[in-house]
Visitor: 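Dropping a structure here in C-alpha cells format, bear with me for questions.
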Number of protein chains: 2
Amino acid sequence: MATIGDVAREAGVSRSTASYALSGKRPISEEVRRRVLAAAEALAYTPNAGARALATSQTKVLGLLAQFHEDEFAPAMMQYILGVTDTARDLGYDTLLVTEADGARALRRITDSRMVDGVVLMNIAQEDSRLPILRAAPQPGALVGLPGDCSGLDVFDLDFEEAGRVMVDHLHRLGHRELILISQPEHVVERGGAYVWRLRDAALERARQRGVTLHAVYGESRQPAVGRLLNGLLDAYPAATGLLINNEAAAAALPSVTYARGLRVPEDLSVIGRYSAEFAATFSLPYSFIESAPDRLGSMAVRQLVRRVESPAARNEPFVVRFISPELVSFGSTAPPRPR
Amino acid sequence: MATIGDVAREAGVSRSTASYALSGKRPISEEVRRRVLAAAEALAYTPNAGARALATSQTKVLGLLAQFHEDEFAPAMMQYILGVTDTARDLGYDTLLVTEADGARALRRITDSRMVDGVVLMNIAQEDSRLPILRAAPQPGALVGLPGDCSGLDVFDLDFEEAGRVMVDHLHRLGHRELILISQPEHVVERGGAYVWRLRDAALERARQRGVTLHAVYGESRQPAVGRLLNGLLDAYPAATGLLINNEAAAAALPSVTYARGLRVPEDLSVIGRYSAEFAATFSLPYSFIESAPDRLGSMAVRQLVRRVESPAARNEPFVVRFISPELVSFGSTAPPRPR
DNA sequence: TCCTGTTGTTGAACCGGTTCGATAGTCGTG
DNA sequence: CACGACTATCGAACCGGTTCAACAACAGGA
C-alpha cells in the first residue's frame with residue numbers, strides 16, 4: 001500500500017507538504033496541491049488508520065455496547081443498532097459493535113486502548129456496572145436508556161412514564177374501567193431493566209387516579225409460554241375490556257390467541273402496544289401502539305456524542321437527559337368497551 | 001493514560017524490556033518480569049491500539065459488512081451478527097459493523113485504511129460489487145451467502161437446494177400431491193438474492209421428479225400485503241394440501257390467516273418453514289421448519305477468517321465453499337393430507 | 001537598498017508501541 | 001584462564017501519519 005511518503009516522492013515534495021496539501025491545514029500553492037492530489041490518486045493512497053489515530057488521538061470510530069440476554073427480544077435491538085451505525089457513518093464515524101457478556105470489561109478494553117472516540121451504551125440497567133467506568137473514561141459517552149443515576153452522562157430514552165399514562169388515559173376516555181397490562185418478563189426487571197416498572201408504575205398510578213382497575217403482570221419472552229400467559233389472563237379477568245402490551249413477544253403472539261378464542265379486536269377487546277413502527281410493520285400487528293422510535297433514539301445519542309467528541313466546548317456543556325414523548329399511532333384497535 | 005514508557009520507568013527498565021516482559025517474546029528474568037507486571041498493574045497500563053496496529057500491522061478487529069434493504073427481514077439479521085461478534089470476541093477480535101448502503105465503497109474504506117485484519121460479508125448478491133474489491137484487498141475475507149462466482153473466496157451458506165428438496169420430499173412421502181411454495185419478495189431476487197431461486201428451483205425440479213404439483217410464487221415482506229397474498233393463494237389453489245414457506249414475514253403472518261379461515265394445521269394444511277430456531281422460538285411459530293442456523297454460519301465464517309488472518313500457511317490453503325445441510329426440526333405441523 | 005511581512009515549503013520531532021542487532025554479564029568447558 | 005555459548009537487557013530504528021518551528025523566496029514600503 002502507498003504511504004504518504006510515496007505520494008510525496010511521486011509529487012516531488014516533502015512528506016509534510018503532502019500532508020498539508022491533502023488536509024488543507026496550511027496554504028499550499030495551487031500547482032503543488034494539484035501534483036499531490038494527482039499522485040495520491042495515481043497511487044490509490046489511503047491514510048493508514050492506525051498511524052493517523054496515533055498521531056491525532058482520533059480514531060473516527062465509536063463504540064456501541066449492546067447486550068443480548070436470553071429473555072430479551074433480540075429483533076427489536078436491530079433498529080437501535082441501525083440508528084446508531086447509520087447516523088455515525090453520516091457524521092464520518094465507523095462503529096465498533098461489542099456484544100460481550102461482560103460489558104464492564106468490554107468497555108474498559110475499548111476505552112483504555114483508545115480504539116474509540118466515544119461510546120454509546122444500550123440495555124442500560126438501573127445499577128449499571130459500566131457507568132462508573134464510562135464516567136472515568138477519557139472519551140465521552142451517551143446512553144440509550146435511563147439508569148438510576150444519570151450524573152455525568154448524556155441520556156436518551158422514551159418517556160416510559162408518560163407512555164403508561166397515555167395508554168391508560170386513552171382507554172379510560174373511551175370508557176374502559178378494567179384493564180390488563182402485560183409487561184416484560186420479571187427477569188428483565190431483576191436485571192435492572194427499569195423501563196419495565198417505569199411504564200408500569202406510572203400506569204398503575206394513573207389508573208388509580210382515574211378509578212380504573214389495572215391488572216399489571218409480568219410477561220414471558222417466548223412461546224408457548226407467552227401464549228399460555230395471555231390465555232390465562234383473559235380467563236382470569238373476564239371483565240377486563242382493554243389490554244396494554246409492553247412486551248414485543250406478547251404482541252406478536254396476541255393475534256393467534258384472539259383468533260383462537262374468537263375474540264374480535266376492538267369490538268370485544270381494545271388493545272394498545274408499545275413497540276417500534278418497524279416491528280409493527282414487519283409483524284403486521286394490527287394494534288394501535290406507542291411508537292418507541294429506537295432508530296431515533298440511537299441517532300440522537302450519536303449526534304450528541306459526536307458533538308462532545310468533536311468540540312472541546314461541547315465537552316464542558318451540562319449533561320442532558322432527554323426523553324422523547326410517546327406518540328400513539330392508531331390502527332383502530334381501540335373502541336368503547338362492550339362486556340366480553 | 002500510562003504508556004509503555006511509563007511502565008518501563010516505573011519498573012526501572014528500558015521500554016523494550018518492558019515490551020518483552022509483557023509479551024513474553026524473549027526470555028526475561030523472573031525478577032524483572034515481576035517488576036514490570038507490577039508496574040503495569042499499578043499504572044493500569046493498556047496498550048494503545050493505534051500504536052500497536054501501526055507497529056504490528058494487526059488491528060485485532062474484523063469488519064462485518066451487512067446491508068439492510070427495505071424489503072428484507074431485518075430481525076433475522078441479528079442472529080448472523082451475533083454469531084459473528086460473539087465468535088470474533090472468543091478468538092480475540094472486535095467487530096466493526098458497517099451497514100453503509102454503498103457496500104463497495106465501505107469495503108474499500110476499511111480495507112485500504114487497514115482498520116481491519118479481515119472482513120465478513122453478508123447479504124451476498126449473485127453479482128456482488130464488493131467481491132472484486134475483496135479479492136484485491138490485502139486482508140482475507142469470508143462470505144456468508146453464495147455468490148455467482150466463488151473463486152478466491154471462502155464461502156459459507158445453507159444448502160438451499162437441498163432445503164428445497166427436503167421440503168418437497170417430506171411432504172411427498174406423507175402423500176401430498178399439490179403444494180404451494182411462497183418465497184421472498186421478487187425484489188430480493190432482482191437485487192441478486194440467489195438463495196431465493198436456489199431453493200425454489202431445486203424444489204420445482206424435485207416436485208417434477210416426484211410427480212407433485214408445486215405452485216411457486218414470490219412473497220411480500222410486509223403486512224398487510226403478505227396476509228392478503230397468503231389468503232389469495234389458499235383461494236387460488238384449493239386443492240393444495242401443503243405449504244412451503246421460505247419467507248419469515250409470511251411465516252409470522254400465517255397463524256392469523258389460518259385461524260381466520262378456520263384452517264387447522266396440520267389436519268387441513270401441512271406447513272414447513274425455513275428460518276432460524278431463534279425466530280421460531282420468538283414468534284412461537286408452531287411449524288416444522290428447516291433450521292437456517294444463522295449464528296452457526298456467522299461463527300464458521302469467522303473461524304475460517306481468523307485462521308487465514310493468523311496463519312501465513314492457512315492463507316495459501318485452497319478456498320472453501322461450505323454448505324451446512326438443512327435440518328428439519330419437527331413441530332408436528334405436517335401430516336398426511338385430507339382434502340381441504 | 002534595507003527592512004518587514006507574507007506565502008509556501010521543509011526537516012525534524014512526536015504519537016506509542018514492536019523488534020532487530022548489539023552488548024554486558026554469567027557460566028561451563030577445554 | 002581464555003574461549004565460546006547463552007542469557008538478559010538495552011538502544012535505536014521503524015511503522016505512517018501530523019504538526020511545529022524554521023527558513024527561503026519574494027513582495028511592498030520606507
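It should be emphasised that the depicted structure is a prediction, and the values quoted were computed from it without experimental measurement. Values reported hereafter were calculated over all heavy atoms of this structure, with side chains retained and with hydrogens, waters and symmetry mates removed.
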Visitor: Of all the heavy-atom pairs spanning B/Leu54 and A/Ala51, show the shortest one and how long it is.
Guide: CD1-CB, 3.7 Å

Visitor: Determine, for B/Glu30 against B/Arg34, whether the closest basic-nitrogen to carboxylate-oxygen distance falls under 4.0 angstrom.
Guide: no

Visitor: Let me know which of A/Asp112, A/Ile110, A/Thr111 forms a side chain to side chain contact (heavy atoms under 4.5 Å, CB included) with B/Thr46.
Guide: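 Between B/Thr46 and the candidates, side chain to side chain contact (heavy atoms under 4.5 Å, CB included) is satisfied uniquely by A/Asp112.
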
Visitor: Enter the inter-axis angle for the ends of the helix from C/dT1-D/dA30 to C/dG30-D/dC1 (five pairs per end, rounded to 10°).
Guide: 60°

Visitor: Can you tell me which residue among B/Leu96, B/Leu121, B/Leu97 is in a side chain to side chain contact (heavy atoms under 4.5 Å, CB included) with B/Leu64?
Guide: B/Leu97

Visitor: Can you pull out the residues from residues 15-25 of chain B that lie within a 4.0 Å heavy-atom distance of DNA chain D?
Guide: B/Arg15, B/Ser16, B/Thr17, B/Tyr20

Visitor: Go through the structure and list residues passing side-chain contact (heavy atoms from CB on, under 4.5 Å) with A/Ala49, not counting sequence neighbours.
Guide: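 In terms of side-chain contact (heavy atoms from CB on, under 4.5 Å), with neighbours along the sequence ignored, A/Ala49 is linked to B/Ser113, B/Met115.
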
Visitor: Could you tell me whether the side chains of A/Ser16 and A/Ser19 share a donor-acceptor contact shorter than 3.5 Å?
Guide: no

Visitor: Examine the side chains of A/Tyr93 and A/Glu310 and answer whether a donor and an acceptor come within less than 3.5 Å of each other.
Guide: yes

Visitor: For DNA chain D, find the residues of residues 33-55 of chain B with a heavy-atom distance under 4.0 Å and give them by number; none if there aren't any.
Guide: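 Here the set is B/Leu54, B/Ala55.
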
Visitor: I'd like to check the side-chain hydrogen bond (donor to acceptor under 3.5 Å, both in side chains) partners of A/Arg109; sequence neighbours left out, ordered by chain and number.
Guide: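 Listed in chain order: A/Glu100, B/Asp94.
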
Visitor: Compute whether any side-chain donor of one residue and acceptor of the other, for B/Thr85 and A/Thr99, lie under 3.5 angstrom apart.
Guide: yes

Visitor: Between which nucleotides of DNA chain D, read 5' to 3', does contact with chain A run, using atoms under 4.0 Å from its heavy atoms?
Guide: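 In short, chain A contacts DNA chain D from D/dG16 to D/dA22.
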
Visitor: Testing the basics here: between A/Leu62 and A/Val302, what is the closest heavy-atom pair and its distance to 0.1 Å?
Guide: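 Between these two residues, the closest heavy atoms are CD1-CG1, 4.0 Å.
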
Visitor: May I ask you to say whether B/Asp86 pairs ionically with B/Arg89, meaning some side-chain N is under 4.0 Å from a carboxylate O?
Guide: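 Salt bridge flag = no for B/Arg89 with B/Asp86.
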
Visitor: Between B/Glu317 and B/Arg307, is the closest basic N to carboxylate O distance under 4.0 Å?
Guide: yes

